[in-house]
Protein chains: 2
Amino acid sequence: MPENIATSETGSPLYLRVRDQLAEQIERGEVTANIKLPSERVLAERFETTRVTARLALAQLEAEGRIYRSNRRGWFVSPPRLIYNPTEDYSFSDNAVSQGRLPRTETLEVRCTVVSAWLAGKTGLETGDPVVLVRRRRYLDERPVLVENIYLNPRRLPGIKDFDFNRSLWKLLRDQYSVDLVQKKIEMFPTALVDPQASALSVNAGTAGLCVNRCSRDAAGGFVEFDEEFWLHDTLSIQVNVA
Amino acid sequence: MPENIATSETGSPLYLRVRDQLAEQIERGEVTANIKLPSERVLAERFETTRVTARLALAQLEAEGRIYRSNRRGWFVSPPRLIYNPTEDYSFSDNAVSQGRLPRTETLEVRCTVVSAWLAGKTGLETGDPVVLVRRRRYLDERPVLVENIYLNPRRLPGIKDFDFNRSLWKLLRDQYSVDLVQKKIEMFPTALVDPQASALSVNAGTAGLCVNRCSRDAAGGFVEFDEEFWLHDTLSIQVNVA
DNA sequence: CCGCTCATCTGGTATAGACCAGTATCAAGG
DNA sequence: CCTTGATACTGGTCTATACCAGATGAGCGG
């Protein structure tokens, strides 16, 4: 009776034993950050099983944040998570660089629109009020890791729509408008990314993500901006200090 | 040519069309919180497809936090997320009750042990220092939603191991030790739950979760407790205010 | 050199079964 | 009445296979 290669002491499911072997290889550094894993068909053959089971093992590692997939290109080892503090004014780029990463920001869209019922509930604005929407996509080492929708108050920030949003928004508010963001309401929850966010990040609908919403006001309590961020779940670690 | 029931205008994959129909039923309230969905075999038959595809659709809804599974019992509609602020001293029970939920806390284990290298790195203690470990499981409406490992400083909290941990730890520290937790370092990241946390919550390894770590110190900067929480991903929404 | 075509490789979706291991239910037996 | 045990039902795991569509890279033609 030929025993499966991944068969070992335990009676655990085959796909978890395959997972364990792959995880070991990653930990031993045989495959490292952003290195491509063997194809699903090769893995299935190597572990003497089928693609379905190999994919279960890969999905497990993906859920743990150890590997990620690139559409129809293959599976890759996840780099370390970016440490991120959403309570502080900060520059995404500076933060990424200080952690040895290569950041990039892409402005997808700048549009004048009006406050929806949903946004009104989040910000306290009135439905129909004017608002500027900025959509951006951000990369770490050329992997897209988040998309965000920023809603800016054009009354508080006249002319805002004509600026360059590929630079730090926080520096823009500070230098051009002398805005001091002192009040923030932050909301975070894990969820699956669905369209349109999923396609903007070139991942399948259902990929695990983290949604971070942030409502910022100035010292007088006036609404400045609402920021809705959609991160890939394996790319960040939130850190907050309370002193 | 018999067309599939879930076949519609779009050319999107079948499992996403099945997802859409189930999501609609949930939104219309035809199935509501904690109600069991039809079995996978029934769904497969109803949508004229196979269990594999039905399971893809269910996994999608699970990833979005709309439904959850109970081992070999079936799929159920997820109740609303618990709103949770990890920066504030608070009682899990009070918080749950105020949101109309029924909380329950179970102490799994209380044990005197020593600081591991990992814990030393997180707390600044020395490896080998004494520490009290408390493991708890918490429920909302009789569904287990989180397990936590609490590491308490026995030097700062003499006799702590003999208290009842089914009540609020925060109230215990306040009333019995007059501790004021003024410094906190909080870390949060989405990940998959693996053993032993997965089994403690009666979910499969790989179920999406959120890990929340919190290191608390008193006014003098002395280490009081380190708390490691493992939540099911669909059960909470983090909310933090910065004033 | 550049740009195009096309074969090949990749993961994505889907079918059609199979057996296993817990759960729930209820009738039979104490 | 309660307990027990058979049983049907549930999701969990797994095999084997097929076709599709996007990504890639080699090679050809300009």
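We use all heavy atoms of the structure for the numbers below, so side chains are in, but hydrogens, waters and symmetry mates are not. Below, chain A is the first sequence line, B the second, and so on; all start at residue 1.
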Next item on the list: Have a look at B:Arg69 and say if it touches a base, only the backbone sugar-phosphate, or nothing, with a 4.0 Å heavy-atom cut-off.
Entry: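 The answer is sugar-phosphate, as B:Arg69 gets under 4.0 Å only of primed atoms, P, OP1 or OP2.
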Note to self: Applying a 4.0 Å non-hydrogen cut-off, can you work out what A:Thr50 is touching in the nucleic acid: base, sugar-phosphate, or nothing?
What the structure shows: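 Answer is base: heavy atoms of A:Thr50 come under 4.0 Å of a base.
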Item checked: All side-chain hydrogen bond (donor to acceptor under 3.5 Å, both in side chains) counterparts of B:Asp195, not counting sequence neighbours -> B:Ser199
Item checked: Residues which pass side-chain hydrogen bond (donor to acceptor under 3.5 Å, both in side chains) with B:Ser202, listed by chain and number, not counting sequence neighbours -> none
Between atom [atom1] in [X] and atom [atom2] in [N], what is the gap in whole Å?
X	N	atom1	atom2	result
B:Arg55	C:dG17	CZ	P	18 Å
B:Glu40	C:dA14	CD	C1'	16 Å
A:Leu14	C:dC20	CG	C1'	14 Å
B:Glu62	D:dG12	CD	C1'	13 Å
B:Gln60	C:dA14	CD	P	12 Å
A:Leu56	D:dC14	CG	P	8 Å
A:Leu58	D:dC14	CG	P	14 Å
B:Arg19	C:dG12	CZ	C1'	18 Å

With a cut-off of 3.5 Å and sequence neighbours excluded, list every side-chain donor-acceptor pair involving residues 61-69 of chain A.
from	atom 1	to	atom 2	distance (Å)
A:Glu62	OE1	A:Arg69	NH2	2.8
A:Glu62	OE2	A:Arg69	NE	3.0
A:Glu64	OE1	A:Arg19	NH1	2.6
A:Glu64	OE1	A:Arg66	NE	3.2
A:Glu64	OE2	A:Arg19	NH1	3.0
A:Glu64	OE2	A:Gln60	NE2	3.1
A:Arg66	NH2	A:Glu27	OE2	2.8
A:Tyr68	OH	A:Asn34	OD1	2.9

Next item on the list: Give, for atom CG of A:Leu146 and atom CG of A:Leu236, the distance between the pair rounded to the nearest 0.5 Å.
Entry: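 With rounding to 0.5 Å, CG (A:Leu146) is 8.5 Å from CG (A:Leu236).
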Margin query: For B:Phe226, give me all partners under ring-ring contact (aromatic ring centres under 6.0 Å, His included), at least two apart in sequence or on another chain.
Written below: B:Trp118
Next item on the list: Could you tell me which residues satisfy ring-ring contact (aromatic ring centres under 6.0 Å, His included) with B:Tyr90, sequence neighbours excluded, listed by chain and number?
Entry: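 Partners of B:Tyr90 by the ring-ring contact (aromatic ring centres under 6.0 Å, His included) criterion, ordered by chain and then number, come out as B:Tyr84.
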Next item on the list: Go along nucleotides 18-24 of chain D 5' to 3' and tag each nucleotide: B for a protein heavy atom under 4.0 Å from its base, S when only backbone or sugar atoms are that close, - otherwise.
Entry: BB-BBSS
Check: More 5' along DNA chain C: A:Ser70 or A:Val52, using each one's nearest nucleotide?
Finding: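 Of the two residues, A:Ser70 wins.
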Next item on the list: Would you confirm whether A:Asp227, through its side chain, and A:Ile150, through its main-chain N or O, come within 3.5 Å as a donor-acceptor pair?
Entry: no
Next item on the list: Using a cut-off of strictly less than 4.0 Å, decide whether B:Thr53 has a side-chain nitrogen or oxygen near OP1 or OP2 of C:dA14.
Entry: no
Next item on the list: Answer yes or no: does a side-chain N or O of A:Thr49 lie under 4.0 Å from OP1 or OP2 of D:dT15?
Entry: yes
